[in-house]
Amino acid sequence: MTPDSSRRPLDGITILDLTVMTAGPVGTMLLGDLGADVIKVEEPQGGDLARGLGTQFVAGESVQFLSQNRNKRSIRLDLKSPRGREVFMRLAASADVVVENFRPGTVDRLGIGYEDVKAVNPRVVYASVSAFGQEGPYAGWPANDPIVQAVAGLMDMTGEAGGRPVRVGAPLPDFGAAAMLAFGITTALLHRERHGEGQRLDTSLLAATLFSTIPRDGEAIRSGRAPERLGSGHPTMVPYRVYPGSDGRFFFAAAFTPKFWSNLCQAIGRPDLAADPRFEDNRARTAHREALDSILEGLFAEQPASVWVAQLSKHDVPCALVQDYHTALTQDPQVRASGAVLEFDHPLAGPMTNLANPVRLHSTPAAVRRPPPVLGQHSEEVLAEHGFDAEEIRSLLEAGVVLGSRAAVPAQPSADAGTSMEVA
């Protein structure tokens, strides 16, 4: 079916996005990719905290912020002032979704919590994402992704045997929570369409992280002990880890079924290993992990890693060279073929890349309609669209309740047209 660039699944849905940093912004970006009008409500002075993080900036724009805020419009609004709250509530009265990731209780203290918004908009979907959830002894803790990794046990199971716990290299709790947030919002919108009622929902980095550890949960509870740190290895599947070739490069091999184990033995010229009682099935191989790994490491040290990947692949054994992240993004042919990396222009930062929405809808695909916004770029535009007249807008700007763009932004094409998405 030919893609229809004029229609997207969430066209007509307005989201007021109060979130900062990563989990919330990525979740709303996913929805913006699919057509939602995401209005990013930002603190007037600095905006989203991510705008000031990191060490890489282009024309004053943080690379971290640019990576997770496309398809949004930015308004600078002082939510701590009475007039700022009034402005927000007027916007919320016609919004479909409100999303926040303040510490639990903050939005209620500001007078913009679920019950406040529900009073003026009963059909609203009000979503919260936090580190640990809205209740419980940790709810008020200051926390981010690695803190959650530590609490959830993810950090403890990561690292080399006998070594220290290691933070997972990518912020997986953030992105798990972002996916659950987007999933929860779309589910609540579907419910509203069918039954006419809005609702509140929440998710957390902790909940998403624990969910992502399946099936480690069953193994840990049944055995009564935590998973051991095994580096790249697996607690219940052997061989299933990184091995070095003779050239010092690494590759991952995974023989996790009887078929793959038999194929691996043929590929390395050691069919006798398949008949060895120590290695006859996965339970035996796991019990004799060190002995088997010693044999395999000796064999793999005889040829470069790329040779072994070619040989194992020829015999239908799951395997891959370990490549660095920059190479994966810029040179890997499968990454390029999948369209995982996008190129488009930002009004200040110029040509830039983003990672694509991972959901491929073939009839109504995701698109980059707007580059990440400059702080306050759309303040006046958003207010005018939501019924504020010119005098009201002028008064709010003069009072500092609302601020305009932090920098002059060149005129952009209509957002309805979308900008081109190309594989980098």
Side-chain angles (χ1 to χ4, degrees), residues 1-19 22-41 67-74 91-92 94-101 117 121-129 175-203 208 338-344 354-373 378 382 385-386 412-423:
M1 186 176 291
T2 303
D4 185 350
S5 61
S6 67
R7 295 186 301 122
R8 293 183 181 85
L10 297 180
D11 284 346
I13 297 296
T14 298
I15 299 174
L16 295 184
D17 179 9
L18 298 168
T19 65
T22 300
V26 171
T28 55
M29 181 178 74
L30 292 172
L31 302 177
D33 288 350
L34 299 176
D37 179 18
V38 181
I39 300 171
K40 191 170 180 67
V41 181
S67 71
Q68 55 200 35
N69 282 285
R70 65 174 178 258
N71 287 329
K72 301 180 184 182
R73 297 191 287 170
S74 171
L91 298 176
S94 59
D96 298 284
V97 181
V98 174
V99 190
E100 63 89 15
N101 69 340
V117 175
N121 183 357
R123 287 170 50 86
V124 74
V125 171
Y126 198 107
S128 299
V129 58
F175 282 82
M180 294 300 103
L181 178 67
F183 169 70
I185 289 171
T186 51
T187 301
L189 287 171
L190 178 60
H191 174 81
R192 189 184 72 176
E193 180 179 326
R194 290 179 171 178
H195 303 289
E197 59 185 17
Q199 62 182 295
R200 185 177 187 183
L201 66 97
D202 71 88
T203 189
S338 69
V341 181
L342 310 176
E343 290 183 343
F344 55 90
N354 265 188
L355 291 176
N357 193 306
V359 177
R360 297 187 67 186
L361 297 174
H362 289 250
S363 298
T364 54
V368 179
R369 296 169 292 113
R370 300 178 185 274
H378 306 96
V382 167
E385 288 180 7
H386 287 79
Q412 296 293 300
S414 170
D416 293 334
T419 56
S420 64
M421 297 198 304
E422 300 177 359
V423 180

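On a predicted model such as this, the values are computed, not experimentally measured, just so you know.
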Give, for atom CZ of Arg370 and atom CG of Asp33, the distance between the pair rounded to the nearest 0.5 Å. 13.0 Å
Rounded to the nearest 0.5 Å, what separates atom CD in Glu100 from atom OG1 in Thr19? 9.5 Å
Should Lys40 and Pro25 count as side-chain neighbours, where that means a heavy-atom distance under 4.5 Å? yes
Could you grab the distance from atom CD1 of Ile185 to atom CZ of Arg192, nearest 0.5 Å is fine? 11.5 Å
If I compare all heavy atoms of Thr203 with all of Ala177, which pair ends up nearest, and what's the gap? CG2-O, 3.9 Å
List the atom of Ala356, the atom of Gly339, and the distance in Å for their closest heavy-atom pair. CB-O, 3.3 Å
Decide yes or no for Val38 and Asn71: does some side-chain heavy atom of the first lie under 4.5 Å from some side-chain heavy atom of the second? no
Only distances under 3.5 Å count here; give the side-chain donor-acceptor pairs of residues 193-200 to other protein atoms, sequence neighbours excluded, each with its distance to 0.1 Å.
residue : atom : partner : partner atom : Å
Glu197  : OE2  : His191  : NE2          : 2.7

CG/Leu10 to CG/Leu31 distance, rounded to the nearest 0.5 angstrom? 6.0 Å
Within the structure provided, determine whether Leu355 and Val341 are in side-chain contact (heavy-atom separation under 4.5 Å). yes
Heavy-atom closest pair (Phe344 atom, Pro372 atom, distance to 0.1 Å) is CE1-CD, 3.7 Å
Among residues at least two apart in sequence or on other chains, which ones pass salt bridge (Lys or Arg N to Asp or Glu O under 4.0 Å) with Asp202? none
Roughly how far, to the nearest 0.5 Å, is the CG atom of Leu30 from the CD atom of Gln68? 11.0 Å
Separation between CE (Met29) and CZ (Arg70), nearest 0.5 Å, reads 4.0 Å
Taking the side chain as everything from C-beta on, heavy atoms only, tell me whether Asn354 gets closer than 4.5 Å to Val368. no
Of all the heavy-atom pairs spanning Leu181 and Gly27, show the shortest one and how long it is. CD2-CA, 4.2 Å
Sub-3.5 Å donor-acceptor pair from the side chain of Arg7 to the main-chain atoms of Thr364, do we have one? no
Decide yes or no for Arg73 and Asp37: does some side-chain heavy atom of the first lie under 4.5 Å from some side-chain heavy atom of the second? yes
Can any side-chain N or O of Asn357 pair as donor or acceptor with the backbone N or O of Leu34 at less than 3.5 Å? no
Work out which heavy atom in Ala208 is nearest to a heavy atom in Met180; give both atom names and the distance. CB-CG, 4.2 Å
Heavy-atom closest pair (Ala36 atom, Ile15 atom, distance to 0.1 Å) is CB-CD1, 3.7 Å
